[in-house]
Amino acid sequence: MKQQHIDPEAQPSGTGCVECDATGGWWFHLRRCAECGHIGCCDDSPSQHAQEHWRQTGHEVIQSFEPGESWFWNYRSQSGLQGPVLSPPHAHPVDQPVPGPAGRVPTDWQSRLHP
């Protein structure tokens, strides 16, 4: 049975934030839309594309797309939740730096994060 707002079969849209990759931006951490697989940057990142994806689509559940993390978050309820195992890959490549991607992160990146 499919859990509301989660599609375990949805494939990730890539290995980095879709919008940051399109504009030459960078991210701190990555989040995966549990409904459609969109990869966006986290709320601490300068552009906060994962949350913007929720606002534009109504897809309210995300999962961390960081190696070793499997937690889910619901933007609407502002709470964590349990979810099924999603289709692989479950994280960006381990050799992709955080913040990333390599070559696009400014030297003063820490001062550009959202608290």
Side-chain angles (χ1 to χ4, degrees):
M1 176 181 223
K2 182 178 168 185
Q3 188 172 345
Q4 188 176 18
H5 303 291
I6 298 177
D7 180 357
E9 303 302 317
Q11 298 293 308
S13 60
T15 60
C17 175
V18 173
E19 293 83 5
C20 287
D21 279 343
T23 62
W26 63 277
W27 54 80
F28 185 44
H29 290 124
L30 295 172
R31 305 297 180 238
R32 174 184 182 170
C33 175
E35 192 163 341
C36 74
H38 174 272
I39 303 298
C41 53
C42 73
D43 291 352
D44 292 334
S45 297
S47 298
Q48 303 173 327
H49 288 123
Q51 190 171 144
E52 183 62 25
H53 176 74
W54 164 56
R55 288 187 183 124
Q56 290 182 2
T57 65
H59 297 173
E60 60 195 59
V61 178
I62 59 167
Q63 185 179 41
S64 176
F65 201 61
E66 294 296 319
E69 297 181 359
S70 60
W71 53 265
F72 286 82
W73 180 258
N74 185 301
Y75 279 118
R76 187 171 313 284
S77 67
Q78 292 292 293
S79 61
L81 65 142
Q82 297 293 314
V85 175
L86 303 180
S87 296
H90 303 288
H92 64 76
V94 294
D95 63 347
Q96 181 176 297
V98 175
R104 293 203 319 239
V105 181
T107 56
D108 65 343
W109 66 270
Q110 290 172 315
S111 67
R112 298 177 186 221
L113 297 178
H114 291 272

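Sequential numbering from 1 along the given sequence is applied to the chain's residues.
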Between H59 and H53, how do the two ring planes meet: parallel, tilted or perpendicular, split at 30° and 60°? perpendicular

Once rounded to the nearest 0.5 Å, what's the spacing between atom CD of E52 and atom CG of D43? 11.0 Å

Are W71 and V61 in one and the same hydrophobic cluster, where Ile, Leu, Val, Met, Phe, Trp and Tyr link if side-chain heavy atoms are under 4.5 Å apart? no

Run the side chain to side chain contact (heavy atoms under 4.5 Å, CB included) test on Q63 and W73 for me, step by step, so that the C-alpha distance in whole Å, both residues' side-chain angles and the decisive distance to 0.1 Å come before the verdict. CA-CA 6 Å; Q63 185 179 41; W73 180 258; over 6 Å; no

For a quick test of reading the model, state the closest non-hydrogen atom pair linking S64 to E69 and the distance between them. OG-OE1, 2.6 Å

Go through H29 and S45 one step at a time and tell me if the side chain to side chain contact (heavy atoms under 4.5 Å, CB included) criterion holds. CA-CA 7 Å; H29 290 124; S45 297; 5.6 Å; no

With a 3.5 Å cut-off and no angle check, do the side chains of H49 and Q56 form a donor-acceptor pair? no

Closest approach of F72 to P84 (non-hydrogen atoms, all atoms of both residues): CZ-O, 3.3 Å

State the OG1-NE2 distance between T15 and H92, to the nearest 0.5 angstrom. 9.0 Å

Residues, nucleotides or ligands: over 12 heavy atoms within 6.0 Å of Q78 CD: yes

Can you tell me how far apart CD (E66) and CZ (F28) are? Round to the nearest 0.5 Å. 8.5 Å

Donor-acceptor contact below 3.5 Å, side chain N74 vs main chain S77: yes

Under a 4.5 Å cut-off applied to non-hydrogen side-chain atoms, are L30 and C17 in contact? yes

Once you round to the nearest 0.5 Å, how far does NE2 of H38 lie from CD1 of I62? 11.5 Å

Within the 4.5 Å heavy-atom criterion, are R32 and S87 side-chain neighbours or not? yes

Under a 4.5 Å cut-off applied to non-hydrogen side-chain atoms, are P101 and W27 in contact? yes

Which atom names give the shortest non-hydrogen contact between I39 and S13, and what distance separates them? N-OG, 2.8 Å

Quick check: do T23 and E19 have side-chain heavy atoms less than 4.5 Å from each other? no

Which pair of non-hydrogen atoms, one from A10 and one from G37, has the smallest distance, and what is that distance? CB-N, 4.0 Å

Are F65 and L86 co-members of a hydrophobic cluster defined by side-chain heavy atoms under 4.5 Å apart? no

Measuring from R31:CZ to Y75:OH, what's the distance to the nearest 0.5 Å? 7.5 Å

Minimum heavy-atom separation for E60 to W54, with atom names? CA-CD1, 3.3 Å

If every non-hydrogen atom of A102 is compared with every non-hydrogen atom of P97, which pair is closest and at what distance? N-CG, 3.7 Å

Just verifying a value: how many Å separate I6 CD1 and C36 SG, rounded to the nearest 0.5 Å? 12.5 Å

